[in-house]
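Predicted model, so just to flag it, every value in this text is computed and none were measured.
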Amino acid sequence: MSQETKVIEKHDVVIRFSGDSGDGMQLTGQQFSDTAALFGNDVATFPDYPAEIRAPQGTVGGVSGFQVHIGEEHITTPGDYADVLVAMNPAALKANLRWAKKAGTIIIDLDAFTDKHLEKAGYSVNPLEDGSLADYNLVPVKVSELTIEALKETGLDQKSVLRCKNMFALGMIYWMFEQSVEHTEAFFDIKFGKKPAIASANKLVLRAGYNYAANVHALATHFKVAPAVIEKGKYRTITGNKATAWGLLAVAEKAGLSLFCGSYPITPATDILHELALRRDLGAKTYQAEDEIGGICTAIGASYAGNFACTTTSGPGLALKSEAAGLAVMAELPLVIVDVQRGGPSTGLPTKTEQSDLLQALYGRNGESPMPVIAASTSGNCFDYAYMAGKIALEHMTPVVLLTDGFLANGAQPWLIPSMDKLPEIKLRLAKEGDDYKPYARDPETLARTWALPGTKGLEHRIGGLEKMNIIGNISYVPENHQVMTDLREQKIARIANYIPEQDVYGNVEEGDTLIVGWGGTYGHLFSAVKEMRAEGHDVSLAHFNFINPLPKNTHDIFARFKRIIVCELNLGQFAKYLKSKYPEFNYYQINKVAGLPFTVVELKQKINELMNA
């Protein structure tokens, strides 16, 4: 007698794939995400990479995870806890069990739960037998054995066969969520176009997993998530790093300049350099330097020569670039410095997210070296703020720091592809032959100097790291002139506030009890927490900042409307310190986390409630 399948309609679900770093969990999760997005669900992802490059197989240190949140409504986070956890071995179960919802479904590869693997994972007793999983819907499946069975006629070696076992689990999940396998099959044809046997093997295992779940009713429950109602247009799934690269490319195209990126590979920023290196068809020039200093120095040289220049890095690399960044401030050349933040200090946690480079971005240079600082807040709007960083750099003749983080860089979401025609105009300040050119003469409104390209007749001028005489640009040690030039550089950055949007507030626009303040990649979790709390009747609002230096002009007015300001960030309070220095008249409460992980909505709501009730 067959078991009847129960179909549950849900607004959203969270699935977490986990296994050894060689089990293909990132690929598995990404394929499910792309399929759900093609179906029409809104999607947010969180790839959770192991910190150790070659951790011993089967150990907790080598576990790789990928969490995906799909829904019929707007999704702003990858979810706190998983409705379904796929654990390909005991170590994956041990590392990820805390992220599974009680009564949630856990699919495990029963073949991996041997004494040897249990010992490697640190289990003294088998969790499948000690009752510790009684609160979950446990689905033990002999994934490895069934994968071998599905491919027994292919002639592939054992190692190649077992590499396909992640597709068996994915096939089961596709059946569970009523998703089609066709997109993933098409992906295999492209990825393994020159290895048709491998493409065929993955397809066979994918179908085997799908049919296994359907035939034996290992998963008696289906989840059905309707397509989301979203703005019409052409979408694609995009990561923050790819969006950043494309935003920089869009700046170059809009400004009519060549793009130059001089960088040194560093986790988690390297993918930006990789993506730009693929776009020679768009005129992009990339240079992998011997170190971080070489990366930024070549970018400064490219800017001097008339390119739209950028350099990409993470926190340790930003520290190394600091002296050359001061040179760009002194020379007043346009440059975008992208810092994809990670856990620190020093080498820290290369694969984990954090927001602790803010003070370095604001102040981490010798002398008075003011720079605009901008922070993206979603994977998709990394494009928008990369574009804004480039626009500000070119129009105000200054280096700009763009902050993203590992969470945004590796996470993905559906992204509405913008039209170049609708992107804001970029107005260059280029000197022309025949102009009465003075290197440090300034626009009266912006205080930006004019850009003179080498080789243009009559525009010869001095440039470099020594202080310049106002207007004429000769080297100057005159004390009074140094004061004038320092003040002008500071005022130039302050005036950028006239050219950025005012800060908006989600919630009570006029006045209210509690204002939650955040910046950068914490947006999704803070927005979700505030939205849920408002639905529960709490007087709480959100001001999430993308423009850090200068702050939006209405920041003080917003703060003055609320009785309580709570600043939430993934550090020990860097933005809170900065706000206290700008607006000391307000009292700031703090919620801080430094665990290499994003906030969860649950913990935010709990801590906000505690502060509101204190």
Side-chain angles (χ1 to χ4, degrees), residues 15 17-39 43 45 47 49 54 57 62 64-66 68 86 88-89 92 107 109 111-112 141-216 218-219 234-239 242 270-271 274-275 277-281 410 412 414:
I15 306 100
F17 299 91
S18 61
D20 259 326
S21 56
D23 282 342
M25 293 297 97
Q26 305 300 322
L27 174 64
T28 306
Q30 192 60 61
Q31 283 302 301
F32 183 85
S33 304
D34 290 349
T35 297
L38 283 170
F39 176 71
V43 176
T45 71
Y49 299 101
R54 293 189 181 275
Q57 191 174 18
S64 178
F66 190 104
V68 54
V86 176
M88 300 298 284
N89 61 15
I107 301 172
D109 179 4
D111 293 324
V141 182
K142 293 187 175 183
V143 174
S144 298
E145 180 181 311
L146 291 167
T147 299
I148 293 170
E149 176 66 22
L151 299 181
K152 65 181 180 181
E153 304 295 336
T154 62
L156 290 175
D157 62 89
Q158 183 89 340
K159 188 175 181 180
S160 297
V161 167
L162 289 177
R163 281 179 178 170
C164 300
K165 66 181 181 180
N166 57 327
M167 289 301 109
F168 193 95
L170 181 59
M172 293 179 65
I173 295 296
Y174 278 153
W175 183 87
M176 187 177 185
F177 288 93
E178 298 190 344
Q179 297 281 0
S180 170
V181 300
E182 292 177 359
H183 168 74
T184 299
E185 290 181 325
F187 167 80
F188 289 140
D189 288 334
I190 297 171
K191 182 176 177 63
F192 301 114
K194 295 181 179 179
K195 298 178 179 179
I198 300 298
S200 177
N202 278 280
K203 290 180 190 178
L204 283 170
V205 176
L206 182 69
R207 290 279 181 179
Y210 188 95
N211 293 332
Y212 173 84
N215 293 334
V216 305
L219 303 169
K234 189 173 184 179
Y235 285 80
R236 61 153 293 148
T237 302
I238 200 166
T239 64
K242 184 165 285 192
T270 306
D271 284 344
H274 288 171
E275 185 64 24
L278 296 173
R279 304 317 314 189
R280 293 181 183 178
D281 57 327
N410 296 317

Count the heavy atoms belonging to other residues, nucleotides or ligands that lie under 6.0 Å from CD of Gln57, then report whether that count exceeds 12.
no

Applying ring-ring contact (aromatic ring centres under 6.0 Å, His included), name anything that partners Phe177, two or more places apart in sequence or on another chain.
Phe32, Phe223

Reported [atom1]-to-[atom2] distance for the pair [X] and [Y], which is rounded to 0.5 angstrom:
X	Y	atom1	atom2	result
Thr237	Gln30	OG1	CD	6.5 Å
Phe187	Leu27	CZ	CG	5.0 Å
Asp23	Ser18	CG	OG	9.0 Å
Thr28	Ile15	OG1	CD1	12.5 Å
Asn166	Leu206	CG	CG	9.5 Å

Which atom pair, heavy atoms only, marks the closest approach of [X] to [Y]?
X	Y	answer
Ala214	Trp175	CB-NE1, 3.0 Å
Lys203	Glu185	CE-O, 3.5 Å
Leu162	Ser144	CD2-CB, 4.1 Å
Asp109	Met88	CB-O, 3.6 Å
Tyr174	Gln31	OH-O, 3.2 Å
Phe66	Met25	CB-O, 3.7 Å

Gln26 and Ser64 side chains, donor-acceptor separation under 3.5 Å:
yes

Heavy-atom donor-acceptor pair, [X] side chain to [Y] backbone, under 3.5 Å:
X	Y	answer
Ser200	Pro196	no
Asp271	His274	no
Asp111	Glu145	yes
Asp157	Lys159	yes

How would you list, by chain and number, every residue that makes a side chain to side chain donor-acceptor pair (under 3.5 Å) with Asn410, sequence neighbours excluded?
none

